[in-house]
Amino acid sequence: MTAPGARTDEEAEDLDVEEVLALVKENPGAPPGGPVPAHAPHHGHQGTPHRPAEHRHRATPWPEARTTAERAARSGGRGARRAPVSVPLDAALGLTLAAPLTALTDLPSFDTSAMDGWAVAGPGPWSVRAEGALAGHAEQEPLTDGEAVRIATGARVPPDTTAVLRTEYGRSDDKNRLHATGEVVHGQDIRPRGQECRTGDQLLPVGTLVTPAVLGLAAAAGYDALTAVPRPRVDVLVLGDELLTEGLPHDGLIRDALGPMLPPWLRALGAEVTAVRRIGDDAEALHRAVTTSDADVLVTTGGTAAGPVDHVHPILRRIGAELLVDGVKVRPGHPMLLARISERRFLVGLPGNPLAAVSGLLTLAEPLLRVLAARPAPEPYALPLRDGVHGHPYDTRLVPVVLRGDEAVPLHYNGPAMLRGIAAADALAVVPPGGARPGRETELLDLPWAAGGIGVCFT
């Protein structure tokens with residue numbers, strides 16, 4: 001049975017993500033950039049060096065890389081687009097509406113009391129009925145002038161009620177008659193039927209992000225499910241023989257930080273994480289994982305260098321993938337990449353160093369997933385830096401900061417392999433080439449949980 005307000009499968013097929021995106025205001029940012037030719041970068045697993053300096057001339061500028069990721073998600077023929085789905089309310093948090101939220105009933109659907117007190121008719125004093133009116137109970141008999149009934153907030157107001165007298169504004173005498181201690185205004189503290197909306201009113205447009213408040217409104221308006229853009233499905237492939245999944249580092253082995261970190265972060269960005277696989281340095285195993293996955297996006301960690309166990313580039317060439325971004329002028333995270341595997345499937349290659357991987361996540365995965373999920377683009381904003389930040393001569397830097405009042409305070413421990421700074425951060429400051437002096441207005445990228453937004457839901 002189709003839930004109230006939900007579209008049928010046939011109706012949903014008439015919509016697609018592109019049509020939803022057309023109704024969501026985007027901030028395209030920097031000028032668009034095109035695919036870059038394939039080449040052999042020089043960066044691999046956690047702790048490996050950066051690419052040589054000459055590679056920066058082939059890398060994509062940071063704003064252009066983000067725009068390329070957005071444009072890639074919008075591309076593809078109509079046959080590659082995903083139809084919206086009907087999603088129960090308890091599973092719709094963080095999705096984007098693919099159909100307007102239209103009121104299925106008047107709200108409120110009957111006259112209700114806005115306060116605890118008495119429903120009264122005519123001028124006082126009033127005789128009080130023995131039985132009160134409670135929320136959820138059937139409608140009472142009409143009141144007559146000079147009559148009152150005890151009433152609870154949210155209860156249906158009896159017919160012919162003049163006003164609701166709040167508990168604190170009424171007193172009873174020794175004959176059980178109710179008196180008002182102040183003026184009684186006709187209609188006071190009554191929520192009339194349809195005060196918030198009438199049946200058929202559009203409450204929210206296509207493209208609205210489903211927040212907890214949206215879920216509450218949908219339930220109040222009579223919905224059991226919402227028509228929404230499905231989450232893009234993501235498989236995470238953690239590469240490297242040197243990674244431990246438990247215990248202390250030893251004998252040249254290190255703990256895998258990205259396996260625990262990436263899935264909840266990707267969920268916060270709107271993805272459905274369908275698998276997390278640990279593959280190691282095995283070219284054939286990686287090839288099988290890439291070619292057998294049916295996820296919309298594959299996210300790999302490490303393996304993007306030109307060494308003997310760095311297999312991402314050779315496999316992308318082997319399967320005929322199109323490299324859209326191959327290296328970005330950003331620190332950390334310079335050797336990240338974005339490839340189109342098929343018409344509507346992508347691979348985001350993250351560096352192996354943890355903070356560099358975060359940089360790749362916010363540079364390439366965030367705009368790609370945002371557009372695939374039809375989420376609205378965040379409004380850009382900037383704050384002055386309390387302290388100066390050294391810059392790279394050629395590349396953008398992403399530096400963890402905490403927000404204190406109207407300033408952003410740069411954090412220490414911001415090296416490519418470090419997570420101590422980002423774990424305490426509210427945002428990343430986008431520091432232009434050459435650095436930023438104290439007091440300079442600097443663009444900020446909010447972290448989803450620090451922004452107090454929908455990203456706090458990691459499940």
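Only this structure's heavy atoms are used, side chains among them; waters, hydrogens and symmetry mates stay out. Everything numeric in this text was worked out from a predicted model, so none of it was measured.
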Under a 3.5 Å threshold, yes or no: a donor from one side chain and an acceptor from the other, between Arg340 and Ser75?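 Judged by distance alone, the side chains do pair up.
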Does any donor atom in the side chain of Asp116 or Thr153 lie under 3.5 Å from an acceptor atom in the other side chain?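 Their side chains do contain a donor-acceptor pair, which is all the 3.5 Å distance test asks for.
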For the [atom1] atom on [X], are there more than 12 heavy atoms of other groups (residues, nucleotides or ligands in this structure) within a distance under 6.0 Å?
| X | atom1 | answer |
| --- | --- | --- |
| His390 | NE2 | no |
| Arg437 | CZ | no |
| Tyr413 | OH | no |
| Glu141 | CD | no |

Please test Met336 against Val330 for side chain to side chain contact (heavy atoms under 4.5 Å, CB included), starting from the C-alpha separation and ending with a verdict. CA-CA 9 Å; Met336 65 184 73; Val330 66; 3.6 Å; yes
Nearest heavy-atom neighbours spanning [X] and [Y]:
| X | Y | value |
| --- | --- | --- |
| Ala268 | Pro448 | CB-CG, 3.8 Å |
| Val389 | Pro410 | CG2-CG, 3.6 Å |
| Pro232 | Gly270 | CD-O, 3.5 Å |
| Ala163 | Ile190 | CA-CD1, 3.9 Å |
| Pro354 | Leu258 | CA-CD2, 3.8 Å |
| Ala65 | Val328 | CB-CG2, 3.7 Å |

Going by heavy atoms in the side chains, are [X] and [Y] under 4.5 Å from each other?
| X | Y | result |
| --- | --- | --- |
| Leu411 | Val402 | yes |
| Thr161 | Val120 | no |
| Arg345 | Leu298 | yes |
| Leu347 | Val297 | no |
| Val214 | Leu204 | yes |
| Phe346 | Ile341 | no |
| Pro438 | Leu385 | no |
| Leu337 | Leu364 | no |

Below 4.0 angstrom, N of the basic side chain to O of the carboxylate: do [X] and [Y] qualify?
| X | Y | result |
| --- | --- | --- |
| Arg386 | Glu407 | no |
| Asp111 | Arg191 | no |
| Glu147 | Arg129 | yes |
| Arg150 | Glu131 | no |

Where the side chain of [X] meets the backbone of [Y], is there a donor-acceptor pair that is under 3.5 Å apart?
| X | Y | answer |
| --- | --- | --- |
| Arg233 | Ala275 | no |
| Asn176 | Asp173 | no |
| Thr96 | Thr208 | no |
| Asp201 | Arg198 | yes |
| Arg193 | Thr112 | no |
| Ser127 | Arg177 | no |
| Asp189 | Ala114 | no |
| Trp126 | Ala121 | yes |
| Thr227 | Ala98 | no |
| Arg375 | Gly94 | yes |

What distance separates [X] [atom1] from [Y] [atom2], expressed to the nearest 0.5 Å?
| X | Y | atom1 | atom2 | value |
| --- | --- | --- | --- | --- |
| Arg397 | Arg331 | CZ | CZ | 10.5 Å |
| Leu362 | Arg66 | CG | CZ | 7.5 Å |
| His179 | Leu165 | NE2 | CG | 11.5 Å |
| Leu369 | Asp296 | CG | CG | 9.0 Å |
| Leu398 | Leu355 | CG | CG | 8.0 Å |
| Leu95 | Thr211 | CG | OG1 | 12.0 Å |

Give me the one residue out of Leu444, Ile422, Thr363, Val401 that meets side chain to side chain contact (heavy atoms under 4.5 Å, CB included) with Leu428.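 Going through Leu444, Ile422, Thr363, Val401 one by one, the side chain to side chain contact (heavy atoms under 4.5 Å, CB included) with Leu428 is satisfied by Ile422 alone.
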Sorted by chain and residue number, the side chain to side chain contact (heavy atoms under 4.5 Å, CB included) partners of Ser113 (sequence neighbours excluded) come out as Ile151, Val157, Val164
Cation-pi between Arg156 and Phe110: NZ/CZ under 6.0 Å from ring centre and within 45° of the ring axis?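 Yes - Arg156 lies over the ring of Phe110, closer than 6.0 Å to its centre and within 45° of its axis.
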Test side chain to side chain contact (heavy atoms under 4.5 Å, CB included) on Val348 and Leu368; report intermediate values, then the result. CA-CA 9 Å; Val348 176; Leu368 182 77; 3.9 Å; yes
Assess whether side chain to side chain contact (heavy atoms under 4.5 Å, CB included) is satisfied between Arg278 and Thr301, documenting all intermediate values. CA-CA 10 Å; Arg278 302 178 191 278; Thr301 68; over 6 Å; no
Verdict with supporting geometry, Tyr223 and Leu101, side chain to side chain contact (heavy atoms under 4.5 Å, CB included): CA-CA 9 Å; Tyr223 285 81; Leu101 191 73; 3.5 Å; yes
